[in-house]
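From a predicted model like this one, the values you see are computed outputs, not experimental measurements. Heavy-atom basis, side chains included; hydrogens, waters and symmetry copies ignored. Atoms within each ligand, like the ligands themselves, are counted from 1 in listed order.
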Amino acid sequence: MGNEVRVRFAPSPTGYLHVGGARTALYNWLFARNRGGKFLLRIENTDVKRSSKEMEEYIKEAMLWLGLNWDEDIVYQLERLEIYRKYALELVEKGLAYYCYTPPEELQKEGGGVECHEVNPEDYSEKPLAIKFRVPDEGTTEFDDIIRGHIRFKNEDLGDFVIVRSDGIPTYNFAVVVDDHYMGITHVIRGEDHISNTPKQILIYRAFGWKVPEFAHLPMILGPDKKRLSKRHGATSVLEYRDIGILPEALFNFLALLGWSPGDNREIVSKEEMIRLFDLKRVGKRAAVFDLDKLFWINSEYIRMKSDEEIYELALPFMEKAGLVKSDEDREKFKKVVPLLKERVKLLKDFVDLSEYFFKDVEKYDEKGVKKHFKEGVEERLSLLVEKLKAIETFDEKSIEKAVRSLADELGISAAKLIHPTRLAVTGRTFGPGLFELMAVIGKDECIKRIERAIDWIKAQRRD
Ligand code: GLU
């Protein structure tokens with residue numbers, strides 16, 4: 001292994017991969033790729049009750065979707081119980097750990113303060129025993145965190161701690177050290193919530209005489225209200241972002257900037273550049289703020305950077321799922337719709353709402369639009385426009401524009417007085433892409449039908 005940098009992401013498969021975990025994985029990945037080292041994956045599934053294969057699969061799928069591929073085989077903690085036991089016994093032999101007995105009624109109690117007395121194992125051969133690590137009463141345990149600088153803990157505050165439970169399952173602090181040593185981990189990059197575990201882990205490394213890795217504890221992620229990040233802030237699991245049409249490149253870019261910056265104020269940074277520039281020394285100590293609007297903005301930028309064909313392929317599943325695109329004919333039409341809307345969407349799923357009227361009849365007209373654009377006399381103007389449109393042979397953007405503008409000239413009104421009501425009649429909305437372009441995509445017969453229907457609707461309103 002030599003001087004190769006080796007890092008790992010070590011999720012517990014007890015829940016989905018969320019923003020915090022994804023950012024931890026991503027920083028490990030970037031660090032490894034920057035140094036030409038290895039990024040490894042370890043599944044910490046010792047919490048048998050809460051872990052599931054389903055969550056493990058989810059985490060892997062989310063990592064691969066984000067482009068966080070791991071090197072070498074996955075390490076599973078549950079397959080290594082014998083090894084933890086062997087190492088724990090080694091510490092017992094050295095007098096650095098001891099057996100202890102917890103009365104069953106104490107085991108029932110959840111949480112801290114579980115009584116566990118040091119015992120002679122021979123006297124307890126029938127009873128399940130845990131193994132506890134002996135922490136020196138005096139002195140300090142210190143380390144230099146790459147991000148947070150020098151950190152010192154008083155040993156007396158740590159207290160002896162269980163390393164293997166009476167059921168034979170190791171505790172997190174013990175398994176993590178045995179595994180990080182076995183995997184040759186050089187840098188432990190993880191969330192700040194693990195700082196208080198680090199001195200315990202360092203003491204275990206020293207007990208074995210193993211080299212202690214470097215540590216880098218990443219700052220917390222908060223919502224814009226400076227409270228702990230939660231669903232309330234729109235922070236969901238990674239694949240939920242995929243399912244609303246966030247591009248993996250955009251989420252990657254966004255997560256990378258949650259605590260790190262390339263050194264200038266750029267918000268859009270390519271993956272290649274991030275690999276080149278990533279440096280743990282440029283990760284701030286202060287909590288990072290999660291801003292969903294910023295993620296959506298970054299996403300819209302990535303959508304614009306892609307070709308119409310790429311966006312067509314990526315957005316099509318959303319259109320099909322929504323039932324808007326059903327046939328080859330629909331698909332051909334959607335191909336023409338993509339360039340009209342590409343600049344207007346933040347999420348791929350936005351195509352569904354923004355393009356509805358290309359595939360479906362208009363069911364209602366925007367209320368404010370009706371008040372503003374369907375005024376006295378508009379029905380005559382629209383009828384005259386229908387006559388002009390009927391006369392068009394090649395129904396394209398240019399010919400439609402010509403029809404609208406020439407009618408406006410003849411009537412001595414501004415083109416806007418025709419454009420707004422026509423848009424409302426054809427799309428039901430007051431905003432959207434250029435009217436002439438969208439009418440060309442919808443087609444002559446359909447446009448005429450919709451305008452005639454709007455005229456009837458307006459007349460009916462007047463009567464009421
Ligand atoms: N399984 C631990 C977690 O998910 C890993 C912590 C570590 O990286 O050491 O928080």
Pair T198, R190: side-chain N/O donor-acceptor within cut-off below 3.5 Å | yes
N-O pairing of R429 and E356 below 4.0 Å | yes
Judged by modelled atom types alone, do N155 and T141 share a side-chain donor-acceptor pair under 3.5 Å?
-> yes
With sequence neighbours left out, write down each residue that passes side chain to side chain contact (heavy atoms under 4.5 Å, CB included) with D160, or none if nothing qualifies.
-> Y98, K132, R134, V135
Near ligand 1 (heavy atom, under 4.0 angstrom), the protein residues are R8, A10, S12, E44, Y172, V176, R190, H194
Does F254 have K294 sitting over its ring (NZ/CZ under 6.0 Å from centre, angle to axis within 45°)?
-> no
In terms of side-chain heavy atoms, does Q77 have a donor or acceptor partner in N45 at a distance below 3.5 Å?
-> no
